[in-house]
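Keep in mind that the numbers below use all heavy atoms, side chains included, and drop hydrogens, waters and symmetry copies.
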Amino acid sequence: MQARLQDRVAVITGAGSGIGLATARRFASEGAKVVAVDLNPDAGKAAAKEVGGEFVAVDVADEEAVKALFDGVVERHGRVDIAFNNAGISPPDDDSILDTGIEAWERVLKVNTTSVYYCCKYVIPHMLAQGKGSIINTASFVALLGAATSQIAYTASKGAVLSMTRELGVQFARQGIRVNALCPGPIATPLLMELFAKDPERAARRLVHVPMGRFGNPEEIAGAVAFLASDDASFITASTFVVDGGITGAYVTPL
């Protein structure tokens, strides 16, 4: 595989599973030095060991911990070239607005949105000092579409990530920092398969809207992240980068 990320230092939050783990593998295969960040030490250590990287246990909703993460990466490795701000949650008590309590709302917004704010806030100064960097924030196709099967806090959190990313991409474009929002469609991660795909009826209700007729896989998203992180995407910033099997472009899907 082409080593587009050779010797670049890449920080991935939520690296222990799903899209984060697939991206850690892809980054490493393209030559990057991976810093795998996860709240779960077993999953994070396993990911780091597999890709020959470094594990750092961080609660991304803790501002001081996030600051220490990026300061530490620069202290140990000299720079941080790529930040894939990917960690997030989708708890079962986040449902219709009629049923979702304020505690669930605030917890989801803190982990999914405030953490991205912290990660950007504390990595950008290091990238400004370097004069270059790529930030990829995980939003979602639900930031672009409405659903009758609502997860109101999750949807709101991803919409906020999308808007914040656009703002940062514009603000820092002339200082060498690219900031893009990744919007995956429904992906066969352990979380999604547990929430939706165990029940064939619930899975079918979603898949009928996907022109490709299937869930995506984490490796397909990792390929998009690697592209955005690389110089192949050198003229792409403040973008809404959609990888969704066509769902946001569909009106009527094939039978």
Worksheet item: Are there more than 12 heavy atoms of other residues, nucleotides or ligands under 6.0 Å from atom CE of Met212?
Response: no
Worksheet entry | Donor-acceptor pair, side chain of Thr13 and main chain of Ala87, under 3.5 angstrom | yes
Discussion item. Under a 3.5 Å cutoff, is there a donor and acceptor pairing between the side chains of Ser90 and Gln151?
Written reply: yes
Practice prompt. Kindly say whether Ile177 contributes a backbone atom to a donor-acceptor pair with the side chain of Gln175 at under 3.5 angstrom?
Written response: no
Discussion item. Please check: side-chain N/O of Arg178 versus main-chain N/O of Thr237, any donor-acceptor pairing under 3.5 Å?
Written reply: no
Worksheet item: Do Met164 and Asn137 have side-chain heavy atoms sitting under 4.5 Å apart?
Response: no
Ignoring hydrogens and angles, write down the donor-acceptor pairs under 3.5 Å from the side chains of residues 52-62, residues two or more places apart or on other chains.
{"from": "Glu54", "atom 1": "OE1", "to": "His77", "atom 2": "NE2", "distance (Å)": "2.7"}
{"from": "Glu54", "atom 1": "OE2", "to": "Arg76", "atom 2": "NE", "distance (Å)": "2.6"}
{"from": "Glu54", "atom 1": "OE2", "to": "Arg76", "atom 2": "NH2", "distance (Å)": "3.0"}
{"from": "Asp59", "atom 1": "OD1", "to": "Ala61", "atom 2": "N", "distance (Å)": "3.0"}
{"from": "Asp62", "atom 1": "OD1", "to": "Glu64", "atom 2": "N", "distance (Å)": "3.1"}
{"from": "Asp62", "atom 1": "OD1", "to": "Ala65", "atom 2": "N", "distance (Å)": "3.2"}

Discussion item. Could you work out, with side-chain hydrogen bond (donor to acceptor under 3.5 Å, both in side chains) as the rule, every residue matching Tyr117, not counting sequence neighbours?
Written reply: none
Discussion item. Within the 4.5 Å heavy-atom criterion, are Ile236 and Phe227 side-chain neighbours or not?
Written reply: yes
Fill in: Those residues that, when tested against Pro211, pass side chain to side chain contact (heavy atoms under 4.5 Å, CB included) (two or more places apart)
Ala250, Thr253, Pro254
Worksheet item: So, does Ser134 use its side chain to make a donor-acceptor pair with the main chain of Leu228 at under 3.5 Å?
Response: yes
Hey, can you pull the donor-acceptor pairs under 3.5 Å for the side chains in residues 141-149, sequence neighbours left out?
{"from": "Thr149", "atom 1": "OG1", "to": "Arg206", "atom 2": "NH2", "distance (Å)": "3.4"}

Response to the item:
The side-chain hydrogen bond (donor to acceptor under 3.5 Å, both in side chains) partners of Glu50 (sequence neighbours excluded) come to Arg25
Fill in: Pairing residues for Asp95 by the side-chain hydrogen bond (donor to acceptor under 3.5 Å, both in side chains) criterion, not counting sequence neighbours
none
Practice prompt. Return yes if some donor-acceptor pair links the side-chain N/O of Thr113 with the main-chain N/O of Ser157 below 3.5 Å, else return no.
Written response: yes
Worksheet entry | Lys/Arg N to Asp/Glu carboxylate O, Asp231 vs Arg8, below 4.0 Å | yes
Worksheet item: Between the main-chain N or O of Tyr154 and the side-chain N or O of Asp94, is there a donor-acceptor pair closer than 3.5 Å?
Response: yes
